2 protein chains.
Amino acid sequence: MVVTIKDVAKEAQVHMSTVSRAFSMPHRLRPETRIKVLEAARRLGYRPSRVARALTTGRTHNIGFIVADIANPFFPPMIKAAEHAARARDYHLFIADASEDPAIETELVGALAKQVDGVVLCAPRIANAKIERLSEDIPIALVNRKMAGVPSVTMDVVQGARTAIEHLLELGHRRLAYVAGPRQSWTNTQISRTVHSVAEDRASVTVLGPNTPNENAGFTVADAIARAGVTAVLAYNDLLAIGLMEGLHNLGVDVPGDVSVIGVDDTVLARLARPRLTTIVVPTADAGTSAVDLLLQYTASDDLAARTAGHVSLPTQLVVRDSTAPPPNSAS
Amino acid sequence: MVVTIKDVAKEAQVHMSTVSRAFSMPHRLRPETRIKVLEAARRLGYRPSRVARALTTGRTHNIGFIVADIANPFFPPMIKAAEHAARARDYHLFIADASEDPAIETELVGALAKQVDGVVLCAPRIANAKIERLSEDIPIALVNRKMAGVPSVTMDVVQGARTAIEHLLELGHRRLAYVAGPRQSWTNTQISRTVHSVAEDRASVTVLGPNTPNENAGFTVADAIARAGVTAVLAYNDLLAIGLMEGLHNLGVDVPGDVSVIGVDDTVLARLARPRLTTIVVPTADAGTSAVDLLLQYTASDDLAARTAGHVSLPTQLVVRDSTAPPPNSAS
DNA sequence: TAAAATTACGCAAACGATTGCAGGGCGGTC
DNA sequence: GACCGCCCTGCAATCGTTTGCGTAATTTTA
């Protein structure tokens with residue numbers, strides 16, 4: 001029913017191995033036989049079986065791509081870019097959604113391991129130690145996490161958070177809050193540290209969290225923010241920030257009149273929200289592309305000892321919109 | 001390096017075939033040997049190779065999932081649901097992004113065909129005839145397209161569009177516009193027809209398009225809308241609607257004061273946009289789940305003749321928010 | 001033009017599982 | 001107590017490629 005290499009061999013009156021070579025090492029064939037084979041293949045509509053090929057070569061030409069939550073608008077552009085990059089190199093992408101759960105995440109790399117050449121973990125929620133262990137079984141590349149010996153791409157959120165806080169300080173804010181994300185998130189740690197170190201003795205900072213990074217959690221935390229007596233807040237991501245803004249609006253707290261809000265990611269939502277959200281732009285698409293590049297580059301060398309784990313750090317920047325303003329009584 | 005069925009066989013002192021059976025047909029084994037094997041497998045950390053298994057059985061336990069544009073917020077919830085549904089049945093998902101291009105879409109199913117048991121085409125942009133041809137090579141399930149002999153799930157957008165238009169008519173609008181989506185989109189055809197048939201002699205309807213279904217296109221079309229002298233518009237999807245609203249705002253046209261706008265999909269964006277977008281809610285997640293269910297059910301029977309292509313139609317409904325109001329001089 | 005070097009291609013053994021077939025052991029029946 | 005049948009497990013072919021090895025064919029070199 002399906003046409004195999006053997007059919008092509010018969011059609012072209014050569015041996016299977018010659019057909020195989022016509023595809024994988026064309027230059028080792030006499031031009032006329034190569035043409036004869038390719039012609040026969042075309043005639044029969046032959047497509048090599050990637051499965052069979054994978055079995056002998058040990059390379060599936062597939063990549064696993066695990067994200068915390070596909071529905072979080074932070075990820076789709078990254079997935080899209082990664083998928084295109086992979087395809088350009090004749091790779092295909094398995095997508096899996098870990099539902100923000102470390103256990104599922106771990107399980108997923110195990111499940112995928114046998115049918116991919118490597119997996120990229122996006123914003124992983126699992127511990128470094130476990131990643132280390134997993135990466136002994138299968139090449140792993142990380143997005144938004146940094147680990148020695150593991151290829152990774154991070155977004156320089158420290159830089160972004162620094163300018164964000166400086167922005168708030170310049171506006172005159174002295175009582176800040178950080179609405180934290182998931183505890184296991186590397187980005188969360190980075191931002192949190194930066195907020196503290198930049199504010200230092202120039203402003204107080206209250207931390208609220210950890211939170212699941214979605215709008216609901218943001219909405220819920222609004223109450224605590226209102227009571228915390230802060231005039232500005234940086235949220236772990238846009239989703240939390242937007243939920244928070246809704247929550248505050250709901251409580252009659254004006255943004256940015258009473259409280260300024262800054263998000264992170266610059267997802268589509270940020271421009272749309274009212275007030276338009278001041279946020280930190282992160283290059284998600286670039287991250288997706290770089291991640292598959294690094295992974296492929298890492299898996300390229302066959303002897304494991306020689307493997308070199310590249311790292312790339314992507315710049316971020318603050319985009320000021322309408323959700324930030326001077327604190328309430330700064331005019332008085 | 002990797003542990004194979006042979007290693008387990010040696011460890012458990014049985015033949016490979018016994019190991020194989022311990023997994024695929026446990027009941028055919030004496031309990032003690034089964035335990036012995038499973039125990040050995042566990043000790044060695046054995047995981048069957050899905051690749052090798054695929055080669056003999058002919059079933060990869062993978063599904064291809066092709067969407068027009070991952071970055072369109074319409075798709076992520078669908079992908080997420082589909083991925084979860086697939087995983088629950090021990091299937092994995094290949095995601096591919098066709099970039100709204102029929103040629104790429106066709107190419108993708110070809111590329112994926114050899115390593116999946118079937119592919120679901122979401123909101124396909126390719127012609128029926130071609131789908132028909134493709135589905136001879138590989139089982140296909142459709143989302144938002146209906147074809148005899150091909151499993152499919154559609155969202156009853158006719159129902160949704162009807163109520164949307166009725167809503168506008170009730171508000172008093174008499175000059176309507178439909179901002180069309182991609183020509184090849186089945187949904188687009190459905191909506192367009194419905195708009196005409198419902199409006200009929202109760203209102204005029206201008207069609208603008210086709211358009212690529214993104215915000216940019218919506219923004220661009222604003223000018224034409226402003227000039228068309230219409231008081232209400234239904235857009236092919238939320239993206240177009242939101243872009244249009246921005247464009248109108250930019251031209252000093254008030255929504256909904258001067259022009260009412262309705263979208264389709266109820267993506268996250270609809271609630272966030274200002275004014276909040278009146279739109280047609282479509283059950284994307286259900287569609288994702290149903291699609292893989294139908295596909296798997298379709299591929300279940302081995303003899304092709306007996307295959308039966310199921311179809312499910314999912315209900316939609318209008319959610320009225322702030323982007324619709326009576327036409328301008330209805331008060332005068 | 002014969003020997004040497006190279007090239008082109010066939011042969012067959014993998015890769016890691018599944019599965020129809022068959023044989024050995026054991027219990028039940030007459 | 002011999003025979004029949006079932007249950008359990010081993011044997012080996014198979015899925016569709018790749019690839020090291022060898023040999024025949026061709027080209028290069030002297």
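Predicted model only: the values in this text are computed from it and were never measured. Chain naming here is simple, since letters A, B, ... match the order of the sequence lines and numbering starts at 1 in each.
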- Message: Any donor-acceptor pair under 3.5 Å linking the side-chain atoms of B:Arg50 with those of B:Asn62?
- Response: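 Side-chain D/A pair, B:Asn62 to B:Arg50: absent.
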- Query: Taking atom types as modelled and ignoring hydrogens, do the side chains of A:Ser99 and A:Asp97 form a donor-acceptor contact shorter than 3.5 angstrom?
  - Reply: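 Note: A:Ser99 and A:Asp97 side chains meet the donor-acceptor criterion.
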- Message: Heavy-atom nearest nucleotide on DNA chain C for B:Thr18 versus A:Arg30: which residue maps closer to 5'?
- Response: A:Arg30
- Message: If you assign B:Thr57 and A:Leu29 each to the DNA chain C nucleotide with the nearest heavy atom, which residue ends up on the more 5' nucleotide?
- Response: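 Comparing both residues, the 5'-ward one is A:Leu29.
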Picking from [options], which would you name as closest to the side chain of [X]?
X       : options               : value
A:Thr4  : C:dA8, D:dT17, C:dT18 : D:dT17
A:Arg21 : C:dA8, C:dT19, D:dT19 : D:dT19
A:Tyr46 : C:dA8, D:dT19, D:dT17 : D:dT17
A:Ala52 : D:dT17, D:dT9, C:dG10 : D:dT17
B:Thr56 : C:dG16, C:dC9, D:dA12 : C:dG16

Taking only the side-chain nitrogens and oxygens of [X], find out if one of them lies under 4.0 Å from OP1 or OP2 of [N].
X       : N      : value
B:Thr33 : D:dC8  : no
B:Arg28 : D:dC8  : no
A:Ser20 : D:dT17 : no
A:Ser17 : D:dT17 : no
B:His15 : D:dT9  : no

Round to a whole Å and report the spacing from [atom1] of [X] to [atom2] of [N].
X        : N      : atom1 : atom2 : value
B:Gln13  : D:dC8  : CD    : C1'   : 17 Å
B:Asp7   : C:dA17 : CG    : P     : 9 Å
A:Gln115 : C:dA17 : CD    : P     : 13 Å
A:Lys6   : C:dG10 : NZ    : C1'   : 15 Å
A:His61  : C:dC15 : NE2   : C1'   : 16 Å
B:Met16  : D:dC11 : CE    : C1'   : 10 Å
B:Leu55  : D:dT17 : CG    : C1'   : 8 Å
B:Arg59  : D:dC15 : CZ    : P     : 18 Å

- Any Lys/Arg nitrogen of A:Arg87 or A:Glu83 sitting under 4.0 Å from an Asp/Glu carboxylate oxygen of the other? yes
- Item | A:Asp69 and A:Arg125 ion-paired at < 4.0 Å | no
- Query: Hey, what do you get for CZ (B:Arg89) to CD1 (B:Ile63), rounding to the nearest 0.5 Å?
  - Reply: 8.5 Å
- Task: Hey, which sits more toward the 5' end of DNA chain D by its nearest nucleotide, A:Arg53 or B:Glu32?
- Result: B:Glu32
- Message: So, under a plain 3.5 Å distance rule, would you say the side chain of B:Arg50 forms a donor-acceptor pair with the base of C:dG16?
- Response: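 Absent.
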- Message: Under the criterion side-chain contact (heavy atoms from CB on, under 4.5 Å), I'd like the reasoning laid out for B:Asp117 against B:Tyr91: C-alpha separation, chi angles, the key distance, then a yes or no.
- Response: CA-CA 10 Å; B:Asp117 295 341; B:Tyr91 273 73; 3.5 Å; yes
